[in-house]
Trainee: 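One structure coming up, written as structure tokens, with questions to follow.
This is a predicted model, so every value here is computed, not measured.
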Amino acid sequence: MRGAHEAVEGTIDPLGMAAPIVHAQLAWASHPQELAEHMLDLSADLWELQMHSLHRMLGLPHPDPIQPHPDDTRFADPWWSEVATWDIAKQWYLAITHHVQDMLYATPGLDSKERRRAAFWWRKWLNAMAPTNFLLTNPVAIRKAIESNGDSLRQGFINMLADVEAGSVRMTNPDDFQVGVNLATTPGAVVFRNRLLEVIHYEPTRDRVHAEPVVIITPWINKFYVLDLNEKKSMVRYLRDQGLDVFITSWKNPDASMRDTTFDDYLVDGVHAIVETARGLSGADKVHAVGYCIGGTALTMYMAWANRHFDAGSVPVRDFSLFTTLVDFHKPGDIEVFVDEASIRFLESGMARKGFLDGKEMASSFRLLRSNSLIWHYVVHGWLYGETPPPFDVLYWNMDTTRMPYAMHAWYLRELYLSNNLVRKDALEVAGEKLDLARITQPLYAVTAVDDHIAPWKQCYKVNNHVTGDKRFVLSSSGHILGIVNPPVDPPKRQYWVADAHRSDRPEVWRANAQEHRGSWWTDWMAWLKPRCGPLVAARPTVSEQYPGHAEAPGTYVLEP
């Protein structure tokens with residue numbers, strides 16, 4: 001019976017949008033006492049809201065009974081508070097929204113995952129129905145239309161047509177940026193290329209560099225240049241200026257011909273390939289590896305693989321650094337709403353037909369996680385206000401999507417997100433070796449971000465509970481991107497918390513002992529990393545006879561649509 005139920009849900013509701021909400025309604029119906037208690041709370045709040053509405057209609061001052069969340073900027077314009085009609089509309093919308101969400105999170109008789117899924121999809125619908133999203137219920141849009149004699153509506157219609165043609169709501173004008181011209185401009189050369197990646201070696205900025213190079217494993221769900229946006233934001237430039245010899249991965253954007261590419265290929269022909277390229281060109285015995293997001297997950301898997309594949313003294317990586325990286329996928333953040341058997345089967349069927357997962361599908365899913373700030377904000381400002389989005393390099397990079405090969409991505413979703421096998425000893429076999437994170441003894445520097453909704457910091461912390469080497473852990477302010485793309489500036493814009501981590505610690509224990517610092521964690525990372533990278537030696541040429549330049553940086557793979 002359960003199998004038939006799941007089969008029907010998987011066919012009719014593959015992403016689990018309706019089923020959790022139906023389950024929540026049935027759960028409340030079967031718990032009348034709890035429902036009555038919540039209805040009493042709702043009645044009390046509605047009575048207060050009615051009194052507020054009466055006062056405002058009579059022109060009398062009255063404090064708002066419900067305040068928007070601090071990060072909710074939809075009602076920031078003074079008209080939403082100063083004009084009684086719009087204030088009443090705002091208050092009733094917030095009251096309904098908050099009560100529905102609170103009840104879904106408190107649904108009796110449902111497990112926590114089901115409650116989160118129900119609340120997530122209801123929140124998406126409530127966000128879409130916000131009065132700010134419609135012309136006749138948005139006083140700012142009406143005011144702008146009157147002040148501009150309708151020109152804001154004309155320009156908004158043009159913006160809407162352009163978004164429809166582009167197939168998504170644009171967050172910035174793509175014509176403002178060009179990779180290799182005003183993005184990813186750090187000088188260097190592609191010194192290795194295979195069917196999966198190009199390895200870029202950057203020109204040094206100092207006459208002498210540390211003997212052992214740094215290799216950066218970027219995520220293949222985005223293009224590499226988030227770490228080389230421009231001169232002020234580029235981590236690559238910063239590392240070069242610190243006297244480090246830098247190599248980075250630029251992954252091939254897969255098409256249907258790569259449908260059978262596996263994760264084994266990504267580990268051997270990707271991660272291991274850049275490690276061996278950096279060792280070969282530099283002549284160093286070991287490298288210092290850095291992994292970002294799922295690039296960090298792949299690097300962690302490589303470390304477990306290498307510690308079994310090589311003798312103890314022959315592992316080619318001396319230490320590794322992870323940025324916003326999950327290895328324990330038990331609670332992978334908001335993305336969990338898309339991770340169940342039915343959803344993965346749905347994704348697999350689409351990938352099987354095309355041979356890949358389209359990058360726009362993945363980008364849409366991530367934007368849906370923060371629909372107010374990443375979707376409706378741009379609909380309102382672009383379509384209703386007629387505004388042109390300002391140039392923003394991070395948002396352009398976010399729109400520059402990539403694809404996932406079918407075999408690799410299906411395996412990744414099932415083995416890591418669905419089964420969480422990476423943290424189970426010898427449960428995964430990759431490239432001929434069983435993986436056990438406890439075999440990783442090399443020192444670790446791990447960075448997370450306090451507002452990261454893609455890789456929650458407490459879940460990222462759990463890497464410390466599995467690897468056995470010395471560990472230093474950092475919690476940066478901001479989110480998944482700006483918590484990492486966080487160069488030192490004066491005066492400091494952000495802060496971070498840092499302390500050594502121990503295998504037995506819980507994240508709350510670590511947090512209580514961590515020290516807060518103003519500024520960028522990059523300086524702390526350099527104090528940790530540079531002394532480990534060997535003595536200073538004469539800077540090496542960017543290319544060599546064994547590793548000739550195939551193209552100038554940023555290479556050719558990054559330019560592929």
Trainee: Compare every heavy atom of Tyr557 with every heavy atom of Ser250, then report the nearest pair and how far apart it is.
Mentor: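 Of all heavy-atom pairs spanning Ser250 and Tyr557, the closest is O-CD1, 3.7 Å.
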Trainee: From the options Ile216, Val290, Val214, Leu299, select the one residue that forms a side-chain contact (heavy atoms from CB on, under 4.5 Å) with Ser321.
Mentor: Val290
Trainee: As an exercise, state the distance from CG of Asp452 to SG of Cys460, rounded to the nearest 0.5 Å.
Mentor: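 If we round to the nearest 0.5 Å, Asp452:CG and Cys460:SG are 6.0 Å apart.
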Trainee: When you check the gap from the basic side-chain N to the acidic O, do Arg117 and Glu336 get nearer than 4.0 Å?
Mentor: no
Trainee: Is there a side-chain contact (heavy atoms from CB on, under 4.5 Å) between Arg195 and Lys252 once you walk through the steps?
Mentor: CA-CA 7 Å; Arg195 65 192 180 94; Lys252 174 80 172 176; over 6 Å; no
Trainee: Please step through side-chain contact (heavy atoms from CB on, under 4.5 Å) for the pair Val236 and Ile248, ending with a clear verdict.
Mentor: CA-CA 9 Å; Val236 168; Ile248 201 168; 4.1 Å; yes
Trainee: Please examine the side chains of Thr448 and Ser476, heavy atoms only from C-beta on, and report whether any two atoms are closer than 4.5 Å.
Mentor: no
Trainee: Tell me whether the count of non-hydrogen atoms from other residues, nucleotides or ligands lying under 6.0 Å of CD in Glu508 goes above 12.
Mentor: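 Result for CD/Glu508: enclosed.
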Trainee: Does either side chain, that of Gln442 or that of Arg318, offer a donor lying less than 3.5 Å from an acceptor on the other one?
Mentor: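 Distance-only check fails for Gln442 and Arg318.
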Trainee: Is the shortest distance from a Lys or Arg side-chain nitrogen in Arg370 or Asp334 to a carboxylate oxygen in the other one below 4.0 Å?
Mentor: yes
Trainee: Would you call the rings of His272 and Tyr302 parallel, tilted or perpendicular, taking 30° and 60° as the class edges?
Mentor: tilted
Trainee: Does Met303 offer a backbone N or O that forms a donor-acceptor pair with the side chain of Asn307 under 3.5 Å?
Mentor: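 Confirmed, Asn307 side chain pairs with Met303 backbone.
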Trainee: Look at the side chain of Thr325 and the backbone N and O of Gly295, then say whether any donor-acceptor pair between them is shorter than 3.5 Å.
Mentor: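 Such a contact is absent between Thr325 side chain and Gly295 backbone.
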Trainee: Should Leu422 and Met301 be marked as a side-chain contact (heavy atoms from CB on, under 4.5 Å) after you check the CA-CA gap, both sets of side-chain angles, and the distance that decides it?
Mentor: CA-CA 8 Å; Leu422 180 53; Met301 297 170 77; 3.7 Å; yes
Trainee: Show, in sequence, the C-alpha distance, side-chain angles and deciding distance for Asn420 and Asp328, and conclude whether the side chain to side chain donor-acceptor pair (under 3.5 Å) test is met.
Mentor: CA-CA 6 Å; Asn420 199 21; Asp328 186 331; 3.1 Å; yes
Trainee: Given Tyr292, which of Thr218, Asn222, Leu227 fulfils the side-chain contact (heavy atoms from CB on, under 4.5 Å) condition?
Mentor: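 The passing option is Leu227.
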Trainee: Is there a donor in the side chain of Arg74 and an acceptor in the side chain of Tyr93, or the other way round, less than 3.5 Å apart?
Mentor: yes
Trainee: For Ser314, is there any backbone N or O sitting under 3.5 Å from a side-chain donor or acceptor partner on Asp311?
Mentor: no
Trainee: Of all the heavy-atom pairs spanning Ala184 and Val179, show the shortest one and how long it is.
Mentor: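 The pair with the smallest heavy-atom distance is CB-CG1, 4.1 Å.
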Trainee: If you round to the nearest 0.5 Å, how far is OG1 of Thr324 from CD1 of Ile481?
Mentor: 7.0 Å
Trainee: Between Asp358 and Arg403, does a salt bridge (Lys or Arg N to Asp or Glu O under 4.0 Å) hold up when you go through it step by step?
Mentor: CA-CA 5 Å; Asp358 195 305; Arg403 297 175 288 273; over 6 Å; no
Trainee: Judged by atom type as modelled, is there a donor-acceptor pair below 3.5 Å linking the side chain of Ser419 to the main-chain atoms of Leu416?
Mentor: no
Trainee: Step by step, work out the ring-ring contact (aromatic ring centres under 6.0 Å, His included) result for Trp251 and Phe224.
Mentor: CA-CA 8 Å; Trp251 299 96; Phe224 81 90; over 10 Å; no
Trainee: To check you understand the geometry: which heavy-atom pair defines the closest contact between Ala449 and Ser478, and what is its length?
Mentor: CB-O, 3.5 Å
Trainee: Between the side chain of Ser365 and the main-chain N/O of Glu361, is any donor-acceptor distance below 3.5 Å?
Mentor: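 Checked: pair present.
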Trainee: Report the distance from atom CD1 of Ile335 to atom CE of Met362, rounding to the nearest 0.5 Å.
Mentor: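 Output value for this atom pair is 7.5 Å.
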Trainee: If you count heavy atoms of other groups shown closer than 6.0 angstrom to NZ of Lys354, is the number above 12?
Mentor: yes
Trainee: Is there a donor in the side chain of Ser257 and an acceptor in the side chain of Asp255, or the other way round, less than 3.5 Å apart?
Mentor: yes
Trainee: Decide, yes or no, whether a salt bridge links Glu348 with Arg414 under the criterion of side-chain N to carboxylate O below 4.0 Å.
Mentor: yes
Trainee: Would you confirm whether Ser349, through its side chain, and Phe346, through its main-chain N or O, come within 3.5 Å as a donor-acceptor pair?
Mentor: yes
Trainee: For Leu475 and Arg511, what are the C-alpha separation, side-chain angles and deciding distance, and is it a side-chain contact (heavy atoms from CB on, under 4.5 Å)?
Mentor: CA-CA 9 Å; Leu475 177 62; Arg511 180 70 179 81; 3.9 Å; yes
Trainee: Show the numbers, then the answer: is there a ring-ring contact (aromatic ring centres under 6.0 Å, His included) between Tyr547 and Phe192?
Mentor: CA-CA 7 Å; Tyr547 295 93; Phe192 177 85; 7.4 Å; no
Trainee: Can you tell me if Asn133 uses its side chain to pair, donor with acceptor, with the backbone of Asn127 under 3.5 Å?
Mentor: yes
Trainee: May I ask you to check whether over 12 heavy atoms, not counting those of Lys331, lie within 6.0 Å of atom NZ?
Mentor: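 Counting other residues, nucleotides and ligands, NZ of Lys331 stays at 12 neighbours or fewer.
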Trainee: Tell me which one of Tyr445, Trp457, Trp521 satisfies ring pair (Phe, Tyr, Trp, His ring centres under 6.0 Å) with Phe323.
Mentor: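 Of Tyr445, Trp457, Trp521, ring pair (Phe, Tyr, Trp, His ring centres under 6.0 Å) with Phe323 is met by Trp521 alone.
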Trainee: Taking all non-hydrogen atoms of both residues into account, name the closest pair between Arg308 and Glu433 and its distance.
Mentor: CD-OE1, 3.4 Å
Trainee: Does any non-hydrogen side-chain atom of Ile344 lie less than 4.5 Å from one of Leu418?
Mentor: yes
Trainee: If you count heavy atoms of other groups shown closer than 6.0 angstrom to CD of Glu341, is the number above 12?
Mentor: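 It does: Glu341 CD has more than 12 such atoms within range.
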Trainee: So, Thr297 side chain and Val327 main chain: donor-acceptor pair closer than 3.5 Å or not?
Mentor: no
Trainee: Angle class for the Tyr225/Tyr396 ring planes (parallel below 30°, perpendicular above 60°, tilted otherwise)?
Mentor: tilted
Trainee: For side chain to side chain donor-acceptor pair (under 3.5 Å), just list the numbers for Asn253 and Thr402, CA-CA rounded to whole Å, side-chain angles, deciding distance to a tenth of an Å, and then say yes or no.
Mentor: CA-CA 6 Å; Asn253 198 1; Thr402 58; 4.8 Å; no
Trainee: Could you tell me whether a side-chain N or O of Ser477 sits under 3.5 Å from a main-chain N or O of Tyr496, the two making a donor and an acceptor?
Mentor: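 Looks like no, no N/O pair under 3.5 Å.
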Trainee: Hey, could you give me the CG/NE2 distance between Asp451 and His480, rounded to the nearest 0.5 Å?
Mentor: 13.0 Å
Trainee: Kindly determine whether Trp397 and Phe177 satisfy ring-ring contact (aromatic ring centres under 6.0 Å, His included), including the steps that lead there.
Mentor: CA-CA 9 Å; Trp397 164 83; Phe177 298 98; over 10 Å; no
Trainee: ring-ring contact (aromatic ring centres under 6.0 Å, His included) between Phe329 and Tyr417: does it pass, once the steps are laid out?
Mentor: CA-CA 5 Å; Phe329 290 78; Tyr417 276 96; 4.6 Å; yes
Trainee: If every non-hydrogen atom of Ile217 is compared with every non-hydrogen atom of Ile274, which pair is closest and at what distance?
Mentor: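 Nearest heavy atoms, Ile217 then Ile274: CD1-CG2, 3.5 Å.
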Trainee: Examine distances only and state if a side-chain atom of Trp122 and a backbone atom of Val100 form a donor-acceptor pair shorter than 3.5 Å.
Mentor: no
Trainee: Could you verify whether a donor N or O on one side chain and an acceptor N or O on the other, from Asp505 and Asn464, lie under 3.5 Å apart?
Mentor: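 Judged by distance alone, the side chains do not pair up.
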Trainee: Does some side-chain heavy atom of Met404 sit less than 4.5 Å from a side-chain heavy atom of Phe356?
Mentor: no
Trainee: Identify the two heavy atoms, one from Val275 and one from Pro316, that lie closest to each other, and give their separation to 0.1 Å.
Mentor: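 Looks like CG1-CB, 3.8 Å.
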Trainee: His288 and Asp319: side-chain donor and acceptor closer than 3.5 Å?
Mentor: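 A donor-acceptor contact under 3.5 Å links the two side chains.
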